[in-house]
Amino acid sequence: MSNNTKNKRISVFSILIFVLCGLLTIYTVGAIISVTSYMKEMLSYGQVSLSENFFDVMSYYMTNCGNYIIFIAILLSIWWVSNKKMVERKAKDIAKPELTAKDDITPEEDAEKADTKDDKKAEDKKDDKEEK
């Protein structure tokens, strides 16, 4: 098993989106079956003529089923955009070097430390010369 597959985790948001899409899909299929059986019944009784009332039949389908299909498309679009942003964020995090203790020091503190180190070196050299 490679390292990449171990590091890939499915987010709670993705699971939630897919569960909602699955439930909406099941409901949409049931609504389509129900609307189709109702339309067949109406056509068999002669109460609706498909050639004369085509717009009304399509409107009935859209009213009862279309909005759920649109909700599924919106949820999947939201998931796709958020997933893409998360991948970009992870790529930036990987490319960014990790901070060390030295990176947390301000430039002023770094300059002060360099000065004190130089002073110590100068004092050590002075002490060495005096000892000789």
Side-chain angles (χ1 to χ4, degrees):
M1 190 175 237
S2 71
N3 223 4
N4 291 338
T5 56
K6 287 182 183 178
N7 293 338
K8 290 183 182 180
R9 290 184 28 207
I10 299 174
S11 68
V12 174
F13 181 72
S14 294
I15 293 170
L16 180 67
I17 291 288
F18 285 119
V19 167
L20 286 174
C21 285
L23 292 173
L24 281 172
T25 302
I26 291 168
Y27 186 79
T28 303
V29 169
I32 290 171
I33 291 170
S34 175
V35 169
T36 302
S37 68
Y38 178 72
M39 280 296 144
K40 283 182 182 178
E41 188 176 313
M42 296 296 276
L43 288 170
S44 67
Y45 291 144
Q47 294 177 347
V48 174
S49 172
L50 193 57
S51 60
E52 294 174 7
N53 301 355
F54 183 74
F55 179 75
D56 292 333
V57 171
M58 294 312 316
S59 176
Y60 191 72
Y61 269 99
M62 283 294 140
T63 302
N64 291 301
C65 305
N67 52 353
Y68 301 111
I69 294 170
I70 291 170
F71 290 153
I72 292 169
I74 289 170
L75 283 173
L76 290 176
S77 299
I78 290 170
W79 171 80
W80 183 75
V81 168
S82 69
N83 193 32
K84 193 165 186 94
K85 292 289 182 185
M86 187 172 26
V87 168
E88 289 174 1
R89 196 175 322 127
K90 284 183 180 178
K92 285 181 183 177
D93 289 344
I94 290 171
K96 187 186 331 177
E98 290 189 26
L99 294 176
T100 61
K102 186 177 180 181
D103 294 335
D104 294 338
I105 299 173
T106 63
E108 293 83 18
E109 292 173 341
D110 195 30
E112 288 173 8
K113 284 185 178 181
D115 289 340
T116 57
K117 286 181 183 177
D118 290 340
D119 292 341
K120 283 184 181 180
K121 286 181 183 177
E123 287 177 13
D124 289 341
K125 286 182 182 179
K126 194 176 189 182
D127 291 339
D128 289 341
K129 288 182 182 178
E130 288 176 1
E131 290 177 0
K132 289 183 183 181

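All values reported here derive from a predicted model rather than from experimental measurement. Quick note: residue numbers are just sequence positions, from 1.
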Should V29 and F71 be counted in the same cluster of Ile, Leu, Val, Met, Phe, Trp and Tyr side chains packed under 4.5 Å apart?
no
M62-I70 co-clustered via ILVMFWY side chain contacts under 4.5 Å:
no
Flag, side chain of T28 to backbone of L24, donor-acceptor distance under 3.5 Å:
yes
When rounded to the nearest 0.5 angstrom, what is the spacing between OG in S77 and CD1 in I72?
11.5 Å
Under a 4.5 Å side-chain heavy-atom rule over Ile, Leu, Val, Met, Phe, Trp and Tyr, are L76 and V81 clustered together?
yes
Measure across Y61 and I32 and return the closest heavy-atom pair with its distance rounded to 0.1 Å.
CE2-O, 4.4 Å
Linked, directly or transitively: M42 and I33 (ILVMFWY side chains, under 4.5 Å)
no
Test: ring-ring contact (aromatic ring centres under 6.0 Å, His included). Region: residues 12-52. Which pairs qualify, not counting sequence neighbours?
F18-W79, Y27-Y68, Y38-Y60
If two hydrophobic side chains count as joined below 4.5 Å and joins carry through other members, does I69 share a cluster with I74?
no
Nearest heavy-atom pair of N53 and V48: which atoms, and what distance?
ND2-CG1, 3.9 Å
What are the two closest heavy atoms between C21 and L75, and how far apart are they?
SG-CB, 3.7 Å
Can any side-chain N or O of S82 pair as donor or acceptor with the backbone N or O of I78 at less than 3.5 Å?
yes
